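Let me begin by presenting the structure, written as structure tokens, before commenting on it.
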Amino acid sequence: MKTVLALITTFFCSVVFADDCATTIESADTMRFNKASIDVPAHCTSFTLTLNNTGTLAKNIMGHNWVLTKASDAKSVVKDGASQGLANNYLSPNDPRVIANTRITGGKESASVTFDVSKLTKEESYLYFCSFPGHMSMLKGSLRLI
Ligand SMILES: [Cu+2]
């Protein structure tokens, strides 16, 4: 009986943990994310972000992605990615400053990324943003490990 209870407890705990080790965020044609910040619980080994682009415009006109870097790296990552084009999601290929990123989405598209939480520290400030040229000023938010 104890074993059964332990199994049940383990099962429910992992369900709860799985839930807060993932989140969704929406972007729209108005160049806004619907969340200004995201908290990643330190007990997660990996974290999954799903971007739902609720707009209707094509990705070459109003494409959005979700990119995570240290706050101090964000501007230079966007600057260096601007010339890389849509095919590279406006990011330098294999940019070591990029902790995680989704592809660029057009209207009504979704994209997900799962990243290793061990890449984050509680002391560091992180920024998420869209790397499409000109979008970071509007499409950004802060992320922290809690
Ligand atoms: Cu964008």
Side-chain angles (χ1 to χ4, degrees), residues 7-146:
L7 282 173
I8 290 170
T9 309
T10 308
F11 175 74
F12 282 109
C13 286
S14 35
V15 168
V16 170
F17 279 14
D19 277 348
D20 71 352
C21 296
T23 195
T24 60
I25 192 166
E26 290 180 8
S27 64
D29 290 342
T30 51
M31 294 231 287
R32 295 284 183 193
F33 281 132
N34 70 337
K35 284 179 182 168
S37 66
I38 292 173
D39 288 340
V40 174
H43 68 74
C44 302
T45 47
S46 64
F47 192 82
T48 300
L49 184 290
T50 301
L51 168 66
N52 292 321
N53 185 332
T54 62
T56 56
L57 296 170
K59 66 181 78 177
N60 61 324
I61 297 164
M62 185 53 76
H64 300 308
N65 60 358
W66 185 91
V67 182
L68 179 66
T69 68
K70 288 180 182 176
S72 54
D73 286 335
K75 272 190 181 162
S76 54
V77 164
V78 167
K79 185 169 170 280
D80 297 346
S83 59
Q84 298 296 327
L86 193 56
N88 288 313
N89 300 302
Y90 294 104
L91 292 170
S92 297
N94 304 314
D95 189 328
R97 296 166 295 181
V98 173
I99 298 163
N101 72 281
T102 71
R103 64 181 176 82
I104 294 264
T105 61
K108 305 298 174 209
E109 290 179 357
S110 292
S112 288
V113 63
T114 299
F115 59 93
D116 215 338
V117 173
S118 67
K119 291 177 176 177
L120 308 177
T121 66
K122 289 186 178 175
E123 295 73 33
E124 190 64 56
S125 313
Y126 301 95
L127 204 66
Y128 60 83
F129 53 86
C130 172
S131 64
F132 194 101
H135 287 198
M136 186 177 67
S137 60
M138 300 277 284
L139 282 149
K140 66 180 173 191
S142 60
L143 181 143
R144 60 181 184 156
L145 182 68
I146 57 163

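The figures that follow rest on heavy atoms only: side chains count, while hydrogens, waters and symmetry mates do not. Whatever order the structure lists them in is the order used to number ligands and atoms, beginning at 1. A quick note: this is a predicted structure, and the numbers were derived from the prediction, not measured.
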For Lys70, check side-chain hydrogen bond (donor to acceptor under 3.5 Å, both in side chains) against everything at least two apart and list the hits.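 With neighbours one apart ignored, the set is empty.
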
So what's near the Cu ion (ligand 1), protein N, O or S atoms under 2.8 Å?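 Less than 2.8 Å away from the Cu ion (ligand 1) sit Gly63 O, His64 ND1, Cys130 SG, His135 ND1.
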
Please check this pair: side chain of Thr54 against backbone of Ser27, looking for a donor-acceptor N/O pair closer than 3.5 Å.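 Here the side-chain-to-backbone pair exists.
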
Classify the side-chain pair Ser131/Asn65 by whether it contains a donor and acceptor separated by less than 3.5 Å.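 Their side chains do contain a donor-acceptor pair, which is all the 3.5 Å distance test asks for.
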
State which residues pass salt bridge (Lys or Arg N to Asp or Glu O under 4.0 Å) with Asp29; sequence neighbours excluded, sorted by chain then number. none

Among residues two or more places apart or on two chains, list those pairs meeting salt bridge (charged side-chain N to carboxylate O under 4.0 Å, His left out) that have a residue in residues 85-104.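 As it turns out, the salt bridge (charged side-chain N to carboxylate O under 4.0 Å, His left out) pairs with a partner in residues 85-104, which skip direct neighbours, are Asp80-Arg97, Asp95-Arg97, Arg103-Glu109.
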
Between Phe115 and Phe47, how do the two ring planes meet: parallel, tilted or perpendicular, split at 30° and 60°? tilted

